Amino acid sequence: MLGHLIRLQARSALADFPAADRHAAAADHLAGRHELPLAAVFAQWYRALRLAATERAPAAEVEAAYRDAAARLDGAGMPGLRCGVLPLALLCLRLRHARPAQADEHTDWGPYEPWARPLVLLAQERRGEAAAALRRLPDPPRDLLFEALWCLAARAALAVGDRETMERAHTELAPAAAELAGAGSGLLTLGPVSEHLGDLAAALRRPR
């Protein structure tokens with residue numbers, strides 16, 4: 001089971017969804033055969049990610065899929081996954097559809113709050129505060145959401161013209177140029193890392 005879930009994540013990162021689909025199906029089969037309900041939760045999140053990675057999928061349909069997947073976390077005994085993941089997935093979805101971040105101050109971003117905050121402030125038209133929050137931003141942990149969080153920082157940096165953060169983001173994202181940002185988590189994506197790198201490179205070429 002663990003092997004199939006790891007392969008699902010790895011193939012998702014490379015946008016090899018036919019292979020990831022096979023691993024998701026195998027995980028579902030094992031989950032039913034051996035009564036492993038948590039594996040089915042991961043598989044449902046993957047299918048929401050899969051839909052999100054399909055550019056033709058309507059945003060409302062993807063959001064509904066994410067909310068359905070998140071509902072299965074209630075009582076699943078995975079607080080580390082439950083806290084902040086749905087808002088983060090929806091933020092990624094909104095940015096991919098060129099929409100501002102959700103600006104509700106009551107949103108529980110969990111551990112992802114530092115990377116969401118500058119974008120929330122921009123959505124509230126508080127550019128100066130967004131720039132200040134971006135300057136305080138720590139490097140994200142080197143986990144499966146590393147590239148996604150750097151892409152959030154990159155989007156905010158592009159919006160406020162923070163060249164230092166743009167340069168840092170470009171350096172950190174360059175090794176993952178062939179991947180989908182965040183998809184290695186099996187949960188969410190901010191689209192091709194190469195697109196973010198292209199936007200950063202174009203901005204950095206402009207005269208100061």
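Source: prediction; values computed, not measured.
- At least one side-chain heavy atom of Leu173 sits less than 4.5 Å from a side-chain heavy atom of Leu200.
- A donor-acceptor contact closer than 3.5 angstrom is absent between the side chains of Arg22 and His4.
- Expressed to the nearest 0.5 Å, how far OH of Tyr112 lies from CG of Leu149 amounts to 7.5 Å.
- Contact record, Ala181 with Cys151: CB-SG, 3.7 Å, taken as the closest heavy-atom pair.
- Arg99 and Ala59 get closest at one heavy-atom pair: NH1-CB, 4.3 Å.
- A donor-acceptor pair is defined here as one N or O able to donate and one able to accept, closer than 3.5 Å; no such pair exists between the side chain of Ser12 and the backbone of Gly184.
- Side chain of Gln102 to backbone of Pro87: a donor-acceptor contact under 3.5 angstrom is found.
- A donor-acceptor pair under 3.5 Å is formed between the side chain of Ser185 and the backbone N or O of Leu187.
- Looking at heavy atoms from C-beta onward, Tyr66 lies in side-chain contact with Leu49 at the 4.5 angstrom threshold.
- In summary, the side chains of Gln124 and Glu105 do present a donor paired with an acceptor at a separation below 3.5 Å, with no hydrogens or angles considered.
- Taking a cutoff of 4.0 Å between a charged side-chain nitrogen and a carboxylate oxygen, Arg50 and Asp21 qualify as a salt bridge.
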Given Asp104 and His106, is the side chain to side chain contact (heavy atoms under 4.5 Å, CB included) satisfied, shown in steps?
-> CA-CA 5 Å; Asp104 183 358; His106 301 292; 3.4 Å; yes
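- For the pair Trp109 and Val120, the minimum side-chain heavy-atom distance is below 4.5 Å.
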Check step by step if salt bridge (Lys or Arg N to Asp or Glu O under 4.0 Å) holds for Glu147 and Arg142.
-> CA-CA 9 Å; Glu147 289 83 13; Arg142 289 188 174 275; over 6 Å; no
Evaluate the criterion side chain to side chain contact (heavy atoms under 4.5 Å, CB included) for residue pair Phe146 and Asp139; output intermediate values, then yes/no.
-> CA-CA 9 Å; Phe146 179 78; Asp139 287 353; 5.8 Å; no
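- Atom CG in Leu134 sits 4.0 Å away from atom OG1 in Thr165 (nearest 0.5 Å).
- Without hydrogens or angle criteria, Arg155 side chain to Leu95 main chain gives no donor-acceptor distance under 3.5 Å.
- Summarising the geometry, atom CG belonging to Leu197 is positioned 11.5 Å from atom CD belonging to Glu172; distances are rounded to the nearest 0.5 Å.
- Scanning both residues, Arg96 and Thr189, for their nearest heavy atoms gives CD-O, 3.7 Å.
- Following chains of ILVMFWY side-chain contacts shorter than 4.5 Å, one can reach Leu122 starting from Leu88, so the two form part of one hydrophobic cluster.
- The closest side-chain heavy-atom distance from Leu180 to Phe17 is below 4.5 Å.
- Summarising the geometry of Val41 relative to Arg72, their closest heavy-atom pair is CG2-O, 4.1 Å, with the distance given to 0.1 Å.
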Would Trp45 and Leu188 count as a side chain to side chain contact (heavy atoms under 4.5 Å, CB included) if you check the C-alpha gap in whole Å, the side-chain angles of each, and the deciding distance to 0.1 Å?
-> CA-CA 8 Å; Trp45 271 93; Leu188 53 84; 5.9 Å; no
List the steps and the verdict of side chain to side chain contact (heavy atoms under 4.5 Å, CB included) for Tyr46 and Leu5.
-> CA-CA 10 Å; Tyr46 161 72; Leu5 292 177; over 6 Å; no
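- We find the CG-CZ distance between Leu190 and Arg94 to be 13.0 Å, quoted to the nearest 0.5 Å.
- Hydrophobic clustering, with ILVMFWY side chains joined whenever heavy atoms are under 4.5 angstrom apart, groups Leu73 together with Val62.
- In terms of modelled atom types and a separation under 3.5 Å, the side chain of Arg163 and the main chain of Leu204 share a donor-acceptor contact.
- Note that CG of Leu144 and CD1 of Ile6 are 9.5 Å apart. Values are rounded to the nearest 0.5 Å.
- Listed here is the closest heavy atom pair of Leu90 and Arg67: CD1-NH2, 3.4 Å.
- Of all heavy-atom pairs between Ala43 and Asp28, the closest is CB-OD1, 3.4 Å.
- Salt-bridge formation is not detected for the pair Arg56/Glu61: no Lys NZ or Arg NE/NH1/NH2 atom is positioned less than 4.0 Å from an Asp or Glu carboxylate oxygen.
- For the atom pair CG (Leu36) and CE (Met1), the distance works out to 5.0 Å, reported to the nearest 0.5 Å.
- Under the 4.0 Å criterion applied to side-chain N and carboxylate O atoms, Asp162 and Arg168 are not assigned as salt-bridge partners.
- Between the side chain of His196 and the backbone N or O of Leu152, no donor-acceptor pair lies under 3.5 Å.
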